[in-house]
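What follows is one structure encoded as structure tokens, with my remarks underneath.
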Amino acid sequence: MFLQGNEACALGAIAAGCRFYAGYPITPSSEIMERMAVELPKADGTFIQMEDEIGSIGAVIGAAWTGAKSMTATSGPGLSLMLENIGYGIMTETPCVIVDVQRAGPSTGQATKVASGDVMQVRWGTHGDYEIIAFSPWSVQEMYELTIKAFNLAETYRTPVFLLSDEAVGHLREKAELSKDVEIIKRSPKSDKPFFGPGALMPTLGQGKKLSITGSTHDEWGIRKTQSPEIQAKFTTHFCDKIRLNADRITEYEEYYLDGQTTVLVIAYGFTARSALRAVELAREKGGKAGLLRLKTVWPMPENKLKSLPTSISKIIVPEMNQGQVIREFR
Amino acid sequence: MIETLKKYIRPDVFPTPFCPGCGHGILMQALLRAIDELKLDIDKMVFLSGIGCAAWIPSPHFAADTMHTTHGRPITFATGIKLVNPKLKVVVISGDGDLSAIGGNHLIHAARRNIEMTVICANNSIYGMTGGQVAPTTPTGAKSATTPQGNPERDFDLCKLVKGAGADYVARGTVYHMRELIKYLKTALQHKGFSFVDVISPCYTQFGRRNQNTCGGSASSAIMNLKTAVSKTPQDGEILTGEF
Ligand code: SF4
């Protein structure tokens, strides 16, 4: 199939079981919303265009609690508006997917031009203490596949998951194979108390469970505990640990020409990785011992992989479409 | 606590956090009485609130599905819930600052969409929880923590605002007029489409003590001065109640 990255993302969401979308128009992500408006009714799902991005993510979280896998898509300015409610999603352990098709910023920046300036925003943007999962697709194929994975990890770890795309991948048109035979993690209908914390399954509103859902610090039953340092520590540790301790299961990367002989390593993600791979190949043609580590997940970082890099590497290059954000992880 | 309403309250949540004299406890009771009289199945209802004293009316008190959301945003969460499961009865209860300042955009758009939900505004003309700052509902001239010389701005008439945005059922009651309030709440809860009830509920702690009943048209003075609240042709500084 020959199609656009943003359209592949929408189709991946439908394949993953997404049945609710709320969004607000913003370049360069709007094709995702437009395609969802066409696809969701066919799949017996619900689409709504909200009054702003704050409303979009609010509706997405409400829908998730009502039993629907749900998603929104935006770009930097919209993501800035969503951040408070994304924190609510983390605090209430709400599975949902947020797509950020990055454009040049800060502020309105260059709405139609590619950049990767939001890498740290998705990692640290909402206040407080937490870990985050973010995929970084480099092709139309991955816009499809990683959207599905984003939904699966959202369910597995009960947390908002980012698909951190960019204008180039979002608007890229190329061939992709959209397999219908994909692994999907379904939500268990059997959730019972406790509703929050390690091992708790995602419950659904309207089933007589008398759920107490709050963005305040709460215990396993959702009851507000705003004076207890122990509960605060327990739950922020839980939000971090469920991702940190599973980092090896979550992280995905690809290696090119990376072996005991490699002396120069390029670490890249997103669309930049395509140019990075070409550069490495050109260096190889000229006899240079260059290699590439391509991050399919930017968050969390593949710490164990990074610790076990060959000792032959004397130089690491991190090309990014920003002034240097992810490179700080390797300094 | 009325015995028949105890079943709607979570164990061990009383006493409420409300100050003595606060109207919000009365509104809580009025809403539960409306639900009880209509014999609604509370397990098929979801109660949402934002941030502020009023947001505590359903959460943690109600033994039901409650969602205590971010400041100003309960209507957006409620929209997602109602769209996914239209069989649920969705009720938003929050304060005037939450619903009409930070959340004003969501309020008018939910009314415009005519999405079926009941929004109840516990309106005390002030930000209570954060210490008595001026709100969009504070009458002109009223003193607050951030208008020590008196509020220079005009206030919102929330019923007119929501009606103008397209809501079919709009009413204003007060916690002093319990029978009318319960009637409005019952009508709102049974309404097909978006319904809005503005409930005048006094905050003596933050509004009353600064204005000492000198400020006509405010929540606190309306309750203290019966005539003002029931007036059908409001003069300057009076509040009109009823169904609009
Ligand atoms: S501060 Fe005002 S609104 Fe808040 S509980 Fe006290 S009286 Fe009620």
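A, B, ... follow the sequence lines: proteins, then strands. Residue 1 opens every chain. The analysis underlying the following values was restricted to heavy atoms, covering all of them including side chains, and did not include hydrogens, waters or symmetry mates. Quick caveat, the model's predicted, so the values are computed rather than measured.
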Taking atom types as modelled, which donor-acceptor pairs link chain B and chain A at under 3.5 angstrom?
from, atom 1, to, atom 2, distance (Å)
R10(B), NH1, K210(A), O, 3.0
R10(B), NH2, K210(A), O, 3.3
R10(B), NH2, L211(A), O, 3.3
D43(B), OD1, K210(A), NZ, 2.7
K44(B), NZ, G206(A), O, 2.7
S59(B), OG, R224(A), NH2, 3.4
A63(B), O, K210(A), NZ, 3.2
D65(B), OD1, K210(A), N, 3.2
D65(B), OD1, L211(A), N, 2.7
D65(B), OD2, G206(A), N, 2.6
T66(B), N, L211(A), O, 2.7
T66(B), O, I213(A), N, 2.9
T66(B), OG1, L211(A), O, 3.4
H68(B), N, I213(A), O, 2.7
H68(B), O, Y88(A), OH, 3.0
H68(B), O, G215(A), N, 3.4
H68(B), ND1, R224(A), NH2, 2.7
T70(B), OG1, N85(A), OD1, 2.5
T76(B), O, A59(A), N, 3.4
N105(B), ND2, D52(A), OD2, 3.4
H106(B), ND1, E51(A), OE2, 2.8
R113(B), NH1, E51(A), OE1, 2.9
R113(B), NH2, Q49(A), O, 3.3
R113(B), NH2, E51(A), OE1, 2.8

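In this structure, the portion of I48(A) lying under 4.5 Å from any heavy atom of chain B is its side chain and not its backbone. Contact annotation for L88(B): only side-chain heavy atoms (C-beta onward) come within less than 4.5 Å of a heavy atom of chain A. Residue contact with chain A, scored on non-hydrogen atoms closer than 4.5 Å, involves the backbone and the side chain of A63(B) alike. Neither the backbone nor the side chain of L48(B) comes within contact range of chain A; no heavy atom of the residue lies under 4.5 Å from a heavy atom of that chain.
The salt bridge (Lys or Arg N to Asp or Glu O under 4.0 Å) search around D198(B) returns R172(B), not counting sequence neighbours.
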